[in-house]
S.K.: 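Next up is a structure, given as structure tokens.
Not measured: the values here are computed from a predicted model.
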Amino acid sequence: MNSLPENVIISDLIECVNFACIKHKDQRRKDIQRTPYINHPIGVAFILTNEAKVTDLATIKAAILHDTVEDTDTTLEEIENVFGKEVGSIVAEVTDDKSLPKEMRKQLQIEHAPGSSLAAKLVKLADKLYNLRDLERSIPTFWSQQRVQEYFEWSKKVVDGLRGVNCTLENELDKIFARRLKKTDESRSN
């Protein structure tokens, strides 16, 4: 449990949300509704706190900030300077190197998953859960059914390497994978 006074915890979280809102202000998700991107990191943090019952402040902050380095002009040094070394370290673990080709980044996520810290695994599980739920709700514009299927298959490989840290998140992900498998089997038999 955090030993900080409640008002400090609340202030720290609001600072984090404000930072992420500023950094993601002009970004949109790829769904038909063009949902504001900031909904995603806040949703990942919500999954951690409300479903996974995570109370570690650094993990929750990292969830809110998890895409800032990868998708905005934010640097890891900036995250570390503003939010501390622990948060910076978690964000670094969950950040893809955008200078690498997409397929290599995806393969590295699979390879790095088992050796990730507990906090990074939690953020990644919640991130995958959010993204897969979103994909079930609305397929991004310009995505083919094949691309959707490939995303589910790749996500399962990443999730398999993250297992053993939170039964609730893992069970929710397993339900999604089971629904997808059933849907895939049904479409093949038609």
S.K.: Would you call Asp31-Arg34 a salt bridge at under 4.0 Å N-O?
M.R.: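 Looking at Arg34 together with Asp31, the answer is no, because their closest N to O distance does not fall below 4.0 Å.
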S.K.: Is there a donor-acceptor pair closer than 3.5 Å between any side-chain N or O of Gln27 and the backbone N or O of Asp71?
M.R.: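 Yes; at least one donor-acceptor contact below 3.5 Å.
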S.K.: With side-chain contact (heavy atoms from CB on, under 4.5 Å) as the test, pick out the partner of Lys121 among Thr59, Leu162, Asn166, Val159.
M.R.: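 Of all the options given, the one that passes is Leu162.
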S.K.: Hey, mind stepping through Thr168 and Lys53 against side-chain contact (heavy atoms from CB on, under 4.5 Å) and telling me if it holds?
M.R.: CA-CA 9 Å; Thr168 301; Lys53 305 301 181 200; over 6 Å; no
S.K.: Check step by step if side-chain contact (heavy atoms from CB on, under 4.5 Å) holds for Tyr130 and Asn39.
M.R.: CA-CA 10 Å; Tyr130 185 99; Asn39 292 10; 4.0 Å; yes
S.K.: If you take all heavy atoms of His66 and Pro41, which pair is closest and at what distance?
M.R.: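 That would be CE1-CA, 3.9 Å.
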S.K.: Has Arg28 got its NZ or CZ under 6.0 Å from the middle of the six-membered ring of Tyr37, at an angle within 45 degrees of the ring axis?
M.R.: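 Output no; distance or angle outside limits.
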S.K.: Between Val94 and Ser116, is any pair of side-chain heavy atoms under 4.5 Å apart?
M.R.: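 Val94 does not reach Ser116 side chain to side chain.
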S.K.: Would you say that Leu57 contacts Asp12 through its side chain, given a criterion of any heavy-atom pair below 4.5 Å between the two side chains?
M.R.: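 Sidechains of Asp12 and Leu57: in contact.
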S.K.: Minimum heavy-atom separation for Glu70 to Asp96, with atom names?
M.R.: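 Closest heavy-atom pair between Glu70 and Asp96: OE1-N, 2.8 Å.
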S.K.: If you compare all heavy atoms of Ile90 against all heavy atoms of Ala119, which two are closest, and at what distance to 0.1 Å?
M.R.: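 Result for this residue pair: CD1-CB, 3.5 Å.
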S.K.: If every non-hydrogen atom of Ile79 is compared with every non-hydrogen atom of Gly88, which pair is closest and at what distance?
M.R.: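 What the structure gives for the nearest pair is CG2-CA, 3.8 Å.
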S.K.: Should the heavy atoms of other residues, nucleotides or ligands under 6.0 Å from CZ of Phe46 be counted, would the total exceed 12?
M.R.: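 Atom CZ in Phe46 is not packed in, count stays at 12 or less.
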S.K.: Output the distance between atom CZ (Arg163) and atom CG (Leu169), rounded to the nearest 0.5 Å.
M.R.: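 It comes to 11.0 Å.
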S.K.: Taking C-beta and beyond as the side chain, do Val165 and Glu170 meet within less than 4.5 Å on heavy atoms?
M.R.: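 Contact flag for Val165/Glu170 side chains = yes.
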S.K.: For a 4.5 angstrom cut-off between non-hydrogen side-chain atoms, does Ile60 reach Leu13?
M.R.: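 Answer yes - side chains close enough.
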S.K.: Is a donor from one side chain sitting under 3.5 angstrom from an acceptor on the other, for Glu111 and Gln107?
M.R.: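 Checked: Glu111/Gln107 side chains pair up, N/O donor to acceptor below 3.5 Å.
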S.K.: With no hydrogens and no angle check, do the side chains of Lys183 and Gln149 hold a donor and an acceptor under 3.5 Å apart?
M.R.: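 No, no side-chain donor-acceptor pair sits under 3.5 Å.
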S.K.: State, with a plain yes or no, whether a side-chain heavy atom of His40 is found less than 4.5 Å away from one of Asn131.
M.R.: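 Yes; the side chains approach each other to less than 4.5 Å.
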S.K.: Find the distance between CD1 (Ile176) and CG (Asn171) and round it off to the nearest 0.5 Å.
M.R.: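 Reported to 0.5 Å precision, the distance equals 11.5 Å.
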S.K.: So, for Ile64 and Ala45, which heavy atoms are closest and what is the spacing to 0.1 Å?
M.R.: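 Shortest heavy-atom contact: CG1-CB, 3.7 Å.
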S.K.: Salt bridge between Glu51 and Arg133, side-chain N to carboxylate O under 4.0 Å?
M.R.: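 Arg133 and Glu51: salt-bridged.
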S.K.: CG/Leu76 to CG/Leu65 distance, rounded to the nearest 0.5 angstrom?
M.R.: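 Result: 11.0 Å between the selected atoms.
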S.K.: Heavy-atom count check: over 12 atoms from other residues, nucleotides or ligands less than 6.0 Å from Lys98 NZ?
M.R.: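 Yes, NZ of Lys98 has more than 12 neighbouring heavy atoms, counting only those of other groups under 6.0 Å.
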S.K.: Where the side chain of Thr95 meets the backbone of Val91, is there a donor-acceptor pair that is under 3.5 Å apart?
M.R.: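 It does hold such a pair.
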S.K.: Which atoms form the tightest heavy-atom contact between Ser138 and Ile32, and what is the distance?
M.R.: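 Result for this residue pair: OG-N, 3.8 Å.
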S.K.: Identify whether Ile38 and Leu48 are in the same connected component of the hydrophobic contact network (ILVMFWY, side-chain heavy atoms under 4.5 Å).
M.R.: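 Ile38 clusters together with Leu48.
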S.K.: How long is the gap from CZ on Phe152 to NZ on Lys157, to the nearest 0.5 Å?
M.R.: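 Reported to 0.5 Å precision, the distance equals 15.0 Å.
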S.K.: Are Val158 and Leu118 connected into the same hydrophobic cluster when the rule is that any two of I, L, V, M, F, W, Y join if their side-chain heavy atoms are below 4.5 Å apart?
M.R.: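 Result: yes, single cluster for both.
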S.K.: Check this for me, if you would: do Lys23 and Glu78 make a salt bridge, where the nitrogen-to-carboxylate-oxygen distance has to be below 4.0 angstrom?
M.R.: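 A salt bridge is present here (some side-chain N lies under 4.0 Å from a carboxylate O).
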S.K.: Taking the inter-plane angle between the rings of Tyr151 and Trp143 on a 0 to 90° scale, is it parallel (under 30°), tilted (30 to 60°) or perpendicular (over 60°)?
M.R.: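 The arrangement is tilted - the two ring planes meet at 30° to 60°.
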S.K.: Heavy-atom distance under 4.5 Å between the side chains of Arg147 and Phe142, does that happen here?
M.R.: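 A side-chain contact is absent here, since even the closest heavy-atom pair is not under 4.5 Å.
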S.K.: Any link between Trp154 and Leu129 through a network of hydrophobic side chains (Ile, Leu, Val, Met, Phe, Trp, Tyr) touching at under 4.5 Å?
M.R.: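 As far as the 4.5 Å side-chain criterion goes, Leu129 and Trp154 are connected within one cluster.
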S.K.: To the nearest 0.5 Å, how far apart are CG in Asn81 and OG1 in Thr75?
M.R.: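 Here the rounded value is 7.5 Å.
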S.K.: Tell me whether Lys30 at atom NZ has more than 12 heavy atoms from other residues, nucleotides or ligands lying less than 6.0 Å away.
M.R.: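 Counting other residues, nucleotides and ligands, NZ of Lys30 stays at 12 neighbours or fewer.
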S.K.: When rounded to the nearest 0.5 angstrom, what distance separates OG in Ser117 from CD in Glu86?
M.R.: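 CD of Glu86 is found 9.0 Å from OG of Ser117.
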S.K.: Decide whether Leu132 and Leu122 are clustered together by the hydrophobic rule: side chain heavy atoms of Ile, Leu, Val, Met, Phe, Trp, Tyr closer than 4.5 Å, transitively.
M.R.: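 Yes, one cluster joins them.
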S.K.: Does a side-chain N-to-carboxylate-O contact under 4.0 Å join Arg29 and Asp134?
M.R.: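 Result for this pair is yes, salt bridge flagged.
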S.K.: Evaluate the criterion side-chain contact (heavy atoms from CB on, under 4.5 Å) for residue pair Val54 and Thr49; output intermediate values, then yes/no.
M.R.: CA-CA 5 Å; Val54 171; Thr49 58; 5.7 Å; no
S.K.: Does the Lys NZ or Arg CZ of Lys156 fall within the cation-pi geometry relative to Phe177 - under 6.0 Å from the ring centre and within 45° of the axis?
M.R.: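 Yes, Lys156 and Phe177 form such a contact.
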S.K.: Under 3.5 Å, side chain of Thr72 to main-chain N/O of Thr68, donor-acceptor pair present?
M.R.: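 Checking the backbone N and O of Thr68 against the side chain of Thr72, a donor-acceptor pair under 3.5 Å is found.
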S.K.: Do Val123 and Phe19 belong together in a cluster built from hydrophobic side chains that touch within less than 4.5 Å?
M.R.: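 No, because Val123 and Phe19 fall into different hydrophobic clusters, even though each may have its own neighbours under 4.5 Å.
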S.K.: Evaluate whether atom CD of Gln33 has more than 12 neighbouring non-hydrogen atoms of other residues, nucleotides or ligands under 6.0 angstrom away.
M.R.: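 Yes, because the 6.0 Å sphere around CD of Gln33 holds more than 12 heavy atoms from other groups.
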S.K.: Answer whether the closest heavy-atom distance between the side chains of Gln145 and Ile139 falls below 4.5 Å.
M.R.: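 Yes. Closest side-chain heavy atoms under 4.5 Å.
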